[in-house]
Amino acid sequence: MLQQTQVSRVLDFYDRFITRFPDLATLASARESQVVSQWRGLGYYARARNLHALARRVVREEAHVYGGSLPDSPDALRVLPGVGAYTAGAVASFAYEKRAALVDTNVARVLQRVFAPHLHPKRGRDLRHLWAIAEAVLPRTGRAAWTHNQALMELGALVCTAREKRCGRCPVRVMCASTEDLDRGSR
DNA sequence: ATCCAGTGGC
DNA sequence: GCCACAGGAT
């Protein structure tokens, strides 16, 4: 749900959805139309179909491989429908506390501003470079990586936003390549 | 490297 | 109207 959709907009849908489909088995046994129906209003309906297909694959088609639950490595996750590089890293890191990097729009923007002000996060090739930076700054342990990734995303979502940088409230401004001049104005 | 997908903020 | 949003698929 969070793919290309703000957290604030997802919250209500998530609560209803998780109540209706508490686990992968329930989701797999449901009809696609019912899953899409619960998704109505969220947009990007291909995500609903992908999630449903993912549940069916994990629970049924290859139950002997997946054992009814999601794999914990980015490479294994990556092949599932609707799971790209970001989601694979996010599940590995946030759900399993594996030491995995992840770059979403927030992380891309933060890393770009802090370490590579000459790059353009929107551009495909520069994104590849940002993934390399994300790997380079990843803490050693899975637990630390969890906190690190979470903090990076929060920083991008709450402080270092697209339309406003808010350097005055940023904890890493002293080592950031894009810190605004705070001598006056713009807080 | 491009195209694609819905919705809400501003 | 544009832009941004916890990207993915081709």
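Sequence lines set the chain letters: A, B, ... in the order given, protein chains first and strands last, and positions in each chain run from 1.
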Quiz prompt | Worked verdict on A:Phe17 versus A:Val35 for side chain to side chain contact (heavy atoms under 4.5 Å, CB included) | solution = CA-CA 8 Å; A:Phe17 193 90; A:Val35 178; 3.9 Å; yes
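- Of the two residues near DNA chain C, A:Leu80 and A:Gln150, the one whose nearest nucleotide lies more 5' is A:Gln150.
- Not one N or O on the side chain of A:Arg99 forms a donor-acceptor pair closer than 3.5 Å with the backbone of A:Thr141.
- Taking atom OH of residue A:Tyr86 and atom C1' of nucleotide C:dG8, one finds them 13 Å apart after rounding to whole Å.
- As judged by a 4.0 angstrom heavy-atom cut-off over every strand, A:Val83 is placed among residues touching the sugar-phosphate backbone only.
- Atom CZ of A:Arg143 has 12 or fewer neighbouring heavy atoms from other residues, nucleotides or ligands inside a 6.0 Å radius.
- If you check every strand for non-hydrogen atoms under 4.0 Å, A:Thr87 touches sugar and phosphate atoms only.
- Whole-Å rounding puts the A:Asn106 CG to C:dG7 C1' distance at 12 Å.
- Not a single donor-acceptor pair under 3.5 Å links the side chain of A:Asn149 to the backbone N or O of A:Val107.
- Taking every side-chain heavy atom of A:Ala162 into account, C:dA4 is the closest of C:dG8, C:dA4, C:dA6.
- Going from the P atom of C:dA6 to that of B:dC10 covers 13 Å, rounded to whole Å.
- In this structure, the CZ atom of A:Arg78 is 7 Å from the P atom of C:dG8, given to the nearest Å.
- To the nearest angstrom, C1' of C:dC5 lies 14 Å from CG of A:Leu158.
- Under 4.0 angstrom from either OP1 or OP2 of C:dA6 there lies no side-chain N or O belonging to A:Thr105.
- Comparing B:dA5 with C:dC5, their C1' atoms are spaced 12 Å from each other, to the whole Å.
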Please tabulate, one pair per line, all N/O donor-acceptor pairs under 3.5 Å involving side-chain atoms of residues 76-87 of chain A, not counting sequence neighbours.
{"unit_1": "A:Thr87", "atom_1": "OG1", "unit_2": "A:Gln3", "atom_2": "NE2", "d": "2.9"}

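- Note: the hydrophobic cluster containing A:Leu24 also contains A:Tyr96 (ILVMFWY, side chain heavy atoms under 4.5 Å, direct or indirect links).
- A residue-by-residue look at A:Gln3 and A:Arg109 shows that A:Arg109 has its nearest nucleotide of DNA chain C further toward the 5' end.
- What separates CG of A:Leu77 from P of C:dA9 is a distance of 12 Å, to the nearest Å.
- A:Met1 places its CE atom 16 Å from the P atom of C:dG8, with the value rounded to the nearest Å.
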Quiz item: When every nucleotide of nucleotides 1-10 of chain B is labelled 5' to 3' by its protein contacts under 4.0 Å (heavy atoms), B for base, S for sugar-phosphate only, - for none, what sequence of letters results?
Solution: S---BBBSB-
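- For A:Thr105, there are no side chain to side chain donor-acceptor pair (under 3.5 Å) partners at least two apart in sequence or on another chain.
- The interatomic distance linking A:Phe13 (CZ) with C:dA6 (C1') rounds to 16 Å, in whole Å.
- Note on A:Ala85: only backbone sugar-phosphate atoms sit closer than 4.0 angstrom, heavy atoms only; bases stay farther off.
- On the P atoms, B:dG6 is 15 Å away from C:dT10, given to the nearest whole Å.
- Counting only distance, with no hydrogens or angles, the side chain of A:Asp126 and the backbone of A:His120 share a donor-acceptor pair below 3.5 Å.
- At whole-Å resolution of the value, CG in A:Asp104 and C1' in C:dA4 are 12 Å apart.
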